[in-house]
Structure formats: C-alpha cells, structure tokens
Q: 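Right, I'll just put the structure down here and ask away after.
Values below: all heavy atoms of this structure, side chains included; hydrogens, waters and symmetry mates excluded.
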Amino acid sequence: QVQLVESGGGLVQAGGSLRLSCAASGSIFSINTMGWYRQAPGKQRELVAAITRAGSTNYADSVKGRFTISRDNAKNTVYLQMSSLKPEDTAVYYCNADKVYGTGSLVTRDLWGQGTQVTVSS
C-alpha cells in the first residue's frame, strides 16, 4: 500500500517560515508530478505548487516569490518551503502525487495525503 504522509505544519506568526514535508511510502519505483494543495474554510481547494520529476515547477500567483517547492526523488519526498507567511496562507495543506509507479507498473493514478494544518497568526 502506497501512502503519502505530510509533516511540518503548525502555528506560525505572520512573516515567519515553515517547511512542509511529504514522504511517500510503500513499494515505489518513481513518482511523476507531486504537488501541494490547500483548502481554507469557505474556499475551494487550490493548487499551491507542483513539481515534475524532472524539476519543472508551477506556483499559484499568490505564493510566487514566497514559497519554494522541491523534491528528492531518491527519497520519494516533496517539500514546500514557505516564507513571508501571511494570515491568508492559513489552510489545510495536502500533498498529492498524480502517478505512482511500482517496479513494473502504475500503482496509483492519484494519491493524496491526509493534510496538515498551517495557521498563520497576525
């Protein structure tokens, strides 16, 4: 069974920083695109940042210049470095993997973590 587990969320003051991690576990050969999404109360889930296996990145306009997504393919882990945090960044952050491959086949087409709460106080 392949799972994604997020860590690093918590409470931080505005202007501060947090680093989120998401580690995939199980029998994994490789993962295609990984990304971070967030959902705040009363709002739709939105893409925060995504990164392909080759390292191409995509960011929401609201976080450009403040957040950095990265990954370690050897560890099947994706990170989100968040700086200059704002109260508007408060949300549950979810990790996603669009395609997870085993040694010989596609294991999962769409995989989500359980989410981690990020709260930014003013």
Side-chain angles (χ1 to χ4, degrees):
Q1 182 179 351
V2 179
Q3 298 181 79
L4 297 177
V5 180
E6 300 103 331
S7 63
L11 176 65
V12 65
Q13 294 184 51
S17 299
L18 282 175
R19 178 174 154 99
L20 304 183
S21 298
C22 173
S25 63
S27 298
I28 301 169
F29 177 75
S30 65
I31 302 173
N32 191 30
T33 299
M34 301 186 77
W36 289 95
Y37 295 74
R38 68 185 182 187
Q39 186 164 22
K43 295 187 65 179
Q44 293 185 319
R45 183 182 64 186
E46 65 174 347
L47 174 68
V48 177
I51 183 168
T52 68
R53 194 172 194 279
S56 296
T57 59
N58 183 41
Y59 296 93
D61 288 340
S62 60
V63 307
K64 285 181 180 177
R66 300 188 298 119
F67 291 9
T68 301
I69 189 170
S70 61
R71 65 188 288 171
D72 185 335
N73 292 334
K75 296 181 179 179
N76 292 316
T77 300
V78 64
Y79 307 93
L80 186 68
Q81 178 65 51
M82 305 184 293
S83 300
S84 301
L85 283 161
K86 305 174 181 179
E88 305 93 273
D89 296 318
T90 296
V92 177
Y93 284 70
Y94 297 92
C95 178
N96 174 265
D98 70 337
K99 294 180 181 178
V100 182
Y101 296 89
T103 55
S105 64
L106 178 67
V107 176
T108 304
R109 291 184 176 88
D110 192 33
L111 184 65
W112 292 90
Q114 80 289 343
T116 185
Q117 177 71 46
V118 172
T119 302
V120 184
S121 65
S122 60

Q: About how many Å separate CG of N32 and OG1 of T108, when rounded to the nearest 0.5 Å?
A: 13.0 Å
Q: Looking only at atom types and distance, does a side-chain atom of Y59 sit under 3.5 Å from a main-chain N or O of I69, one as donor and one as acceptor?
A: yes
Q: Side chains of S30 and R53: does their closest heavy-atom pair fall under 4.5 Å?
A: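 A side-chain contact under 4.5 Å exists here.
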Q: For A97 versus V100, what's the shortest heavy-atom pair and its separation?
A: CB-CG2, 3.9 Å
Q: With R38 as reference, evaluate T90, V92, V63 under the side-chain contact (heavy atoms from CB on, under 4.5 Å) test and give the passing residue.
A: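 Only one option passes, and that is V63.
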Q: Taking Q81 for its side chain and T68 for its backbone only, find out whether a donor-acceptor pair lies under 3.5 Å.
A: no
Q: Looking at side-chain heavy atoms only, is the closest gap between L20 and V118 below 4.5 Å?
A: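 Yes - at least one pair of side-chain heavy atoms lies under 4.5 Å apart.
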Q: Using side-chain heavy atoms (C-beta onward) and a distance below 4.5 Å, is I28 in contact with V107?
A: no
Q: How far does OG of S21 sit from CZ of R71, to the nearest 0.5 angstrom?
A: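 Interatomic distance, S21 OG to R71 CZ, rounded to 0.5 Å: 14.0 Å.
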Q: Side chains of Q13 and L85: does their closest heavy-atom pair fall under 4.5 Å?
A: no
Q: Less than 4.5 Å apart, any side-chain heavy atom of K99 and any of L106?
A: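 Touching, per the 4.5 Å side-chain cut-off.
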Q: Would you compute the distance between atom CD of Q44 and atom CD of Q39 and round it to the nearest 0.5 angstrom?
A: 8.5 Å
Q: For the pair K86 and D89, find out whether any cationic side-chain nitrogen is under 4.0 Å from an anionic carboxylate oxygen.
A: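 No, this pair does not count.
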Q: Minimum heavy-atom separation for S122 and A14, please, with both atom names.
A: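 S122 and A14 have their closest heavy atoms at CA-CB, 4.4 Å.
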Q: Between W112 and Y94, what is the ring plane arrangement, given parallel below 30°, perpendicular above 60°, and tilted in between?
A: perpendicular
Q: Looking at T33 and A50, what are the two nearest heavy atoms and their distance?
A: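 Minimum heavy-atom contact is CG2-CB, 4.2 Å.
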Q: Please find the pair of heavy atoms, one from L4 and one from C22, that lie closest to each other, and give the distance.
A: CB-SG, 3.9 Å
Q: For the residue pair G102 and F29, what are the closest heavy atoms and their distance?
A: O-CB, 2.9 Å
Q: Rounded to the nearest 0.5 Å, what separation is found between the CZ atom of F67 and the OG atom of S83?
A: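 Answer rounded to 0.5 Å: 8.0 Å.
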Q: Looking at A24 and I31, what are the two nearest heavy atoms and their distance?
A: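 Between these two residues, the closest heavy atoms are CB-CD1, 3.7 Å.
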Q: Do V120 and M82 make a side-chain contact, defined as non-hydrogen atoms from C-beta onward lying under 4.5 Å apart?
A: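 In short, these two side chains do not touch, never coming nearer than 4.5 Å.
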Q: Between atom CG of N96 and atom CE of M34, what is the distance when rounded to the nearest 0.5 Å?
A: 8.0 Å
Q: State whether the side chain of Q1 and the backbone N or O of G26 hold a donor-acceptor pair below 3.5 Å, judged by distance alone.
A: no
Q: Measure the spacing between OH of Y37 and CG of L47 and express it to the nearest 0.5 Å.
A: 5.0 Å
Q: Count the heavy atoms of every other residue, nucleotide or ligand shown that sit under 6.0 Å from CD of E46, and state whether that count exceeds 12.
A: yes
Q: Verify the cluster assignment for Y79 and Y93: are they in a single hydrophobic cluster under the rule of side-chain heavy atoms below 4.5 Å apart?
A: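 No; tracing contacts between hydrophobic side chains, which count when under 4.5 Å, never links both residues.
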